[in-house]
Protein chains: 2
Amino acid sequence: MDAHLRDLRYFLAVAEHLHFTRAAEELYVSQPALSKQIRALEKQLRVSLFERDHRDVRLTAAGKALVPHAQAVLSAWHAAEQALLTAANTLVVGMSTAPGRGLLPAVRARLSDVSLQVRQVPWHDPTGGLAAEETDAAFVWLPMPAPERYRWVTVATEPRLVALPATHRLAAQTTVDFADLLDEPFLALPTSSGALRDYWLAVDARPDRPVTVGAEIANTEETVEAVTAGLGVCLIAAGNTSLIARDGVVVRPVGNLAPGELVLAWRRDDRRPLLAALVAAVRASL
Amino acid sequence: MDAHLRDLRYFLAVAEHLHFTRAAEELYVSQPALSKQIRALEKQLRVSLFERDHRDVRLTAAGKALVPHAQAVLSAWHAAEQALLTAANTLVVGMSTAPGRGLLPAVRARLSDVSLQVRQVPWHDPTGGLAAEETDAAFVWLPMPAPERYRWVTVATEPRLVALPATHRLAAQTTVDFADLLDEPFLALPTSSGALRDYWLAVDARPDRPVTVGAEIANTEETVEAVTAGLGVCLIAAGNTSLIARDGVVVRPVGNLAPGELVLAWRRDDRRPLLAALVAAVRASL
DNA sequence: ACGCTGTGATAACCAAGTGGCATGGACGCG
DNA sequence: CGCGTCCATGCCACTTGGTTATCACAGCGT
């Protein structure tokens with residue numbers, strides 16, 4: 001009988017990690033839920049896919065046999081989704097941070113025959129979904145990993161400000177000097193975001209001293225939360241001030257910090273006219 | 001996001017028939033259920049797949065684009081299932097009618113290292129799931145359609161008896177002459193079963209006069225039901241007497257009717273040693 | 001016009017599926 | 001022996017998928 005594609009994703013995650021708890025984390029579900037789904041899948045297929053004991057998890061012969069086929073099914077489905085988007089003249093645009101500034105409405109107006117699907121992508125992916133081909137274009141902050149694989153157009157160049165708890169000793173000042181922040185714990189992007197993490201920690205602007213990371217943040221809510229809780233301070237782009245400066249969070253300009261560059265990026269090898277039209281529309285709307 | 005493979009089957013069924021009611025029948029679900037699922041699929045994919053009005057249903061461009069991909073996904077999954085069965089040393093054996101006679105336990109005993117998955121197949125498929133590659137071997141009654149595609153070994157040769165309502169005028173006799181049944185309405189297999197339908201209607205044994213079909217039957221329960229309800233009489237194999245002769249149904253021998261042949265069949269082009277082992281075990285168990 | 005027929009959509013309801021949290025229980029380790 | 005790790009289980013809430021009954025609409029025949 002037919003399975004849910006989700007179960008195949010679950011299966012592959014467990015097969016990859018050989019560890020239910022970690023696979024569950026990656027999938028953003030609880031470990032019991034994952035356990036239960038895998039058991040259900042095994043029951044449905046009438047085959048045991050994993051041998052588990054308290055020490056570790058191994059693939060059975062059947063499990064090993066399933067891995068490539070599960071991958072094939074999922075990639076066939078991915079192709080199907082792509083075909084649908086093409087058929088519907090739709091581009092998926094990832095957004096690490098909202099470009100804001102009225103840009104999107106202007107672009108949509110110029111591309112009335114193209115439907116744009118805007119998708120918020122979590123911050124652990126510095127390519128905004130481009131690398132995994134989950135998006136066709138993405139608003140991301142430089143630097144990007146593997147820049148030779150992408151092209152981009154700058155959308156905004158904005159100073160980096162610092163977000164502080166309202167109760168912070170520096171919150172009283174109208175401007176903060178970066179030197180005064182050196183000993184503060186900083187909120188950081190997940191390590192998977194690579195050079196971008198360092199960029200928002202302003203590692204370049206620091207003397208040769210390790211940064212203290214107070215917490216990792218993966219979206220706006222977590223950031224506000226973490227700053228309010230005093231877990232650390234955080235550099236943000238000027239354009240995002242309104243998203244962050246609320247409740248107990250204040251935002252202050254920082255002296256002597258190079259501005260950040262928000263770009264619309266796309267895969268260099270993606271030469272679809274539809275995408276070119278999007279890029280042209282964005283350029284024209286700046 | 002990921003879909004349920006069932007939804008793809010549903011989609012393909014509607015795409016093929018361009019008719020919700022008929023597709024629903026084929027899928028053995030109600031028409032509203034199918035309608036709802038297709039709507040949900042469209043909503044999930046954010047694309048409309050069909051244009052419907054009261055007269056007919058048409059595929060949209062997106063729908064047309066999805067068809068081949070949906071087929072690809074399903075066939076990839078089919079391959080996955082096959083791989084699992086191979087990995088688990090499992091053969092799927094279809095059963096139009098239980099071979100009974102203690103055959104299956106004997107075969108299992110001889111094939112302790114092979115796991116047999118026995119599956120009841122509905123009577124509208126005279127190949128017992130072999131044609132659709134849903135089974136690796138099947139216990140079916142001759143004649144088979146496209147016999148050049150299959151091989152088989154005879155498992156039992158059994159007289160055909162007639163099942164009658166207990167209240168039937170002929171039920172009082174210990175033996176029934178087929179001539180006395182000519183004017184009776186008969187229960188028939190679905191038309192899709194082709195020559196097999198004629199076989200169990202004993203068309204060969206009739207003078208050139210059309211058969212009256214009282215109802216179509218697709219499994220044992222329906223048969224008992226229909227006979228009891230007096231919708232018609234029905235030829236059955238001697239070995240199935242115990243399945244049918246209950247409640248208000250009696251079974252009587254019929255004079256002058258060639259016996260039926262129950263065979264284990266498999267696809268001629270299927271040369272897997274595992275299958276050969278099954279055939280050998282069946283032969284040895286006769 | 002009027003009612004019948006065929007067809008998809010909708011409503012109300014119920015069962016099964018899916019997820020979360022708390023907790024259990026087996027094993028290895030200091 | 002207690003503790004930590006890690007998968008399984010029990011229980012509960014919410015969602016999903018299915019059923020039946022009914023509606024709405026368009027042709028069609030009278």
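The sequence lines fix the lettering, A, B, ..., with proteins before strands; numbering per chain opens at 1.
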*Look at B/Thr21 and C/dG6 and indicate whether a side-chain polar atom (N or O) is within less than 4.0 Å of OP1 or OP2.*
no
_Quick check: on DNA chain C, is the nucleotide nearest A/Val29 upstream (toward 5') of the one nearest B/Leu18, or the reverse? Name the residue that is more 5'._
B/Leu18
_Nearest-Å distance for atom pair CD/P, residues B/Gln37 and C/dG8_ = 16 Å
*Interatomic distance, A/Tyr10 OH vs C/dG17 P [rounded to whole Å]*: 16 Å
*Quickly work out the A/Ile38 CD1 to C/dG19 C1' distance and round it to whole Å.*
15 Å
*Quick one: is B/Arg52 getting a side-chain N or O under 4.0 Å of the C/dA9 phosphate, OP1 or OP2?*
yes
*Parallel, tilted or perpendicular for A/His124 and A/Tyr28, by the 30°/60° rule?*
parallel
*Between D/dG17 atom C1' and B/Gln44 atom CD, what is the distance in whole Å?*
14 Å
_Can you measure B/His19 atom NE2 to C/dG8 atom C1' for me and round it to whole angstrom units?_
9 Å
*Between A/Asp7 and A/Arg9, is the closest basic N to carboxylate O distance under 4.0 Å?*
no
_What is the separation between atom CZ on B/Arg6 and atom P on C/dG17, rounded to the nearest whole Å?_
10 Å
*Tell me: CG of A/Leu34 to P of D/dC7, nearest whole Å?*
9 Å
*Between D/dT19, C/dA22, C/dT7, which nucleotide gets closest to the side-chain atoms of B/Arg22?*
C/dT7
*Under 4.0 Å between a Lys/Arg side-chain N and an Asp/Glu carboxylate O for A/Glu134 and A/Arg119?*
no
*Between B/Thr135 and B/Ala138, is there a donor-acceptor pair closer than 3.5 Å when you use the side chain of the first and the backbone of the second?*
no
_I'd like to know if B/Lys36 reaches the base of C/dG8 with its side chain such that a donor and an acceptor end up less than 3.5 angstrom apart._
no
*So do A/Leu116 and A/Val114 actually touch side chain to side chain, heavy atoms under 4.5 Å?*
yes
*asked:* Any base atoms under 4.0 Å from A/Ala33, or only sugar-phosphate, or nothing? Heavy atoms, all strands.
replied: sugar-phosphate
*Just how far, in rounded Å, is P of C/dG8 from CZ of B/Arg39?*
11 Å
*Looking at A/Ser30, does any N or O in its side chain come under 4.0 Å of the phosphate oxygens OP1/OP2 on C/dC21?*
no
